[in-house]
Protein chains: 2
Amino acid sequence: MTPPEKNQPSDLPKHRVRDAEATKLRILEAAKKEFSQNGLEGARVDSIALEARANKRMIYHYFESKENLFKVVLEIAYLDIRTQEANLNLEKLPPKEAMITFVRFTWDYYIKNPEFITLVNSENLCQARHLRDSPLLQEVSQKFVSRIQAILDQGAREGVFRPDLDAVQVNITIASIGYYYFTNRYTGSVIFNRDFLSPAALKERLAFNTDTILRLLCL
Amino acid sequence: MTPPEKNQPSDLPKHRVRDAEATKLRILEAAKKEFSQNGLEGARVDSIALEARANKRMIYHYFESKENLFKVVLEIAYLDIRTQEANLNLEKLPPKEAMITFVRFTWDYYIKNPEFITLVNSENLCQARHLRDSPLLQEVSQKFVSRIQAILDQGAREGVFRPDLDAVQVNITIASIGYYYFTNRYTGSVIFNRDFLSPAALKERLAFNTDTILRLLCL
DNA sequence: CGCCGTTCGCACCAATTGGTTACTTAAAGC
DNA sequence: GCTTTAAGTAACCAATTGGTGCGAACGGCG
């Protein structure tokens with residue numbers, strides 16, 4: 001009797017075709033999942049290898065150590081959110097619309113990329129020792145802050161925003177009111193006896209957050 | 001030659017006096033420190049025993065397992081912040097002053113109890129499985145929300161606050177703008193190239209947060 | 001004083017962990 | 001085709017981990 005899945009011609013072969021890049025990507029994807037679910041200490045290298053359908057030896061071949069693998073995963077995650085944010089082209093919008101869009105983008109990003117938050121939490125638990133010397137990340141972040149500052153300044157010039165708003169403070173506030181909601185959704189659900197992730201709750205919270213930020217920014 | 005510290009008569013004796021309560025307390029204190037520094041998975045039972053100057057066997061005797069020890073530590077931490085908050089007697093203050101005091105209290109609590117934040121983060125990493133069934137905590141939290149709601153309602157009646165403010169949303173916002181600042185201070189310092197914990201930065205952020213909340217609450 | 005439960009300490013275990021040695025095999029270059 | 005380089009595998013290891021078995025000793029009670 002032939003195997004039923006004939007439409008997968010020798011799919012999942014015993015000896016996979018050699019493809020270093022694909023293997024690296026699978027490892028990175030599996031590592032992101034494992035690290036975000038279990039933290040840096042809780043993550044198991046064997047689990048990552050299994051999930052990536054790669055041999056454990058390959059992980060050490062490509063990424064040297066568990067710690068370094070975490071560092072790479074984290075850097076990619078940071079670069080991703082900054083890249084997507086840059087692609088919003090906020091500077092082409094009126095300041096108020098730009099900030100509303102930015103608040104919504106940050107919110108949506110957390111929803112679509114829940115791993116990001118737990119990865120950042122893990123990095124802070126170990127005092128950011130992995131990206132302490134990451135000049136690329138610092139440069140990208142610097143540009144990011146400058147873009148937000150330009151929007152705030154433009155808004156002030158147009159008379160819709162308060163003058164002298166600090167982009168760092170504003171950005172911390174925007175990130176925090178979304179970040180906290182998601183990172184603490186489990187304890188929050190217990191304490192406040194609410195489902196934090198119901199569509200209604202999500203919609204209500206985003207509206208609340210947008211309102212909070214507009215009240216903070218506008219004259 | 002006699003030992004110099006005569007004022008400590010046989011302090012740190014080889015065979016410590018038997019005191020179950022004191023031993024439990026030392027274990028809990030050491031556990032809080034270890035869990036908050038290394039997370040649930042990263043924490044080492046041997047380290048806790050060493051730090052507590054107790055035998056590892058005692059930890060399992062009094063607390064059954066590492067997981068249960070974490071649960072007890074976490075519950076105590078939650079009860080502590082709620083107890084201190086209740087002792088503020090916010091209801092005796094005018095609504096606006098009450099909320100300003102509450103924002104400052106939350107902020108100060110995070111500064112004085114940095115372990116609280118990392119413990120909560122650890123609990124959320126494992127989806128709050130330890131305090132999922134903690135009726136005591138749920139009851140305390142319920143009263144806490146009611147107190148804040150009473151203040152918001154009173155403020156609305158007096159015409160200083162907007163009507164129909166949701167105490168849960170407001171409280172999440174107040175907690176978040178402080179919590180995020182501290183939990184992400186390490187990655188934040190790298191990304192924004194600032195010292196998040198300098199006295200000037202702390203003062204500025206508290207002022208910013210108080211302003212943010214007043215703009216959110218007031219008419 | 002002597003009993004006995006509680007408090008404590010040592011040595012130990014089975015299981016798991018991150019990481020490695022030694023080898024095989026596919027594919028790119030000539 | 002043949003060689004060389006790199007991709008991939010399996011078995012293994014030393015160290016560490018959460019957790020225990022068991023005996024010792026302190027101290028309250030009768």
Side-chain angles (χ1 to χ4, degrees), chain A residues 9-35 37-74 122 125-126 129-130, chain B residues 9-35 37-74 122 125-126 129-130:
Chain A
S10 66
D11 215 11
L12 293 178
K14 293 277 160 62
H15 290 268
R16 195 176 315 281
V17 205
R18 293 187 165 203
D19 190 336
E21 284 310 309
T23 303
K24 279 189 206 175
L25 277 178
R26 286 204 316 280
I27 291 173
L28 283 172
E29 207 51 41
K32 179 165 83 173
K33 188 174 170 184
E34 176 76 6
F35 281 130
Q37 281 179 356
N38 304 103
L40 177 54
E41 291 265 4
R44 298 294 161 232
V45 179
D46 291 273
S47 299
I48 295 172
L50 188 70
E51 170 84 18
R53 304 190 313 275
N55 192 281
K56 183 163 66 158
R57 194 64 189 81
M58 289 292 92
I59 293 179
Y60 289 94
H61 183 232
Y62 290 128
F63 299 100
E64 190 181 345
S65 68
K66 182 186 178 185
E67 292 273 321
N68 189 252
L69 175 59
F70 179 81
K71 181 185 174 178
V72 174
V73 167
L74 189 71
S122 290
L125 184 61
C126 62
R129 70 166 182 266
H130 301 93
Chain B
S10 64
D11 215 10
L12 294 178
K14 294 278 160 65
H15 289 269
R16 194 177 314 282
V17 205
R18 293 191 164 199
D19 190 337
E21 284 310 309
T23 303
K24 279 189 206 174
L25 278 178
R26 286 204 316 279
I27 291 173
L28 282 172
E29 207 51 42
K32 179 166 81 172
K33 187 173 170 184
E34 176 75 7
F35 281 130
Q37 282 179 357
N38 304 102
L40 176 54
E41 291 265 5
R44 299 294 162 231
V45 179
D46 292 273
S47 299
I48 295 173
L50 187 70
E51 170 83 19
R53 303 192 314 275
N55 193 280
K56 183 164 66 160
R57 196 70 189 75
M58 289 293 90
I59 293 179
Y60 289 93
H61 184 233
Y62 290 129
F63 299 99
E64 189 181 345
S65 68
K66 183 186 176 183
E67 291 273 321
N68 190 253
L69 175 58
F70 179 81
K71 180 186 175 178
V72 174
V73 167
L74 189 71
S122 291
L125 184 61
C126 61
R129 70 165 181 265
H130 300 93

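So that the names make sense, note that chain A is the first sequence line, chain B the second, and so on, each numbered from 1.
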Rounded to whole Å, how long is the line connecting atom [atom1] of [X] with atom [atom2] of [N]?
X: Ile27(A); N: dG8(D); atom1: CD1; atom2: C1'; result: 11 Å
X: Ile59(A); N: dA10(D); atom1: CD1; atom2: P; result: 14 Å
X: Glu21(A); N: dA26(C); atom1: CD; atom2: P; result: 21 Å
X: Met58(A); N: dC23(C); atom1: CE; atom2: C1'; result: 12 Å
X: Asn38(B); N: dT16(D); atom1: CG; atom2: P; result: 16 Å
X: Asp19(A); N: dA27(C); atom1: CG; atom2: P; result: 10 Å
X: Phe70(A); N: dG18(C); atom1: CZ; atom2: C1'; result: 16 Å

Task: Partner residues of Lys33(A) under the side chain to side chain donor-acceptor pair (under 3.5 Å) criterion, sequence neighbours left out - done: Glu51(A)

Open item on the list: Check the phosphate of dG8(D) against Tyr62(A), side-chain N and O only, distance under 4.0 Å to OP1 or OP2. Yes or no?
Closed with: yes

Is any side-chain heavy atom of [X] closer than 4.5 Å to a side-chain heavy atom of [Y]?
X: Arg26(A); Y: Thr23(A); result: yes
X: Glu41(A); Y: Leu125(A); result: no
X: Leu69(B); Y: Ile48(B); result: yes

Task: Side chain of His61(B) (C-beta onward), nearest among dG8(D), dC8(C), dT7(C) - done: dT7(C)

- [ ] For the pair Glu34(A) (side chain) and Arg44(A) (backbone), establish whether a donor and an acceptor sit closer than 3.5 Å, ignoring hydrogens and angles.
- [x] yes

Task: Residue pairs, two or more places apart or on separate chains, that pass salt bridge (Lys or Arg N to Asp or Glu O under 4.0 Å) and touch residues 56-66 of chain A - done: Asp46(A)-Lys56(A)

Task: Base versus backbone protein contacts along nucleotides 18-23 of chain D [heavy-atom cut-off under 4.0 Å; B, S, -] - done: BBBBB-

- [ ] With heavy atoms under 4.0 Å as the rule, sort Phe63(B) into base, sugar-phosphate or nothing.
- [x] nothing

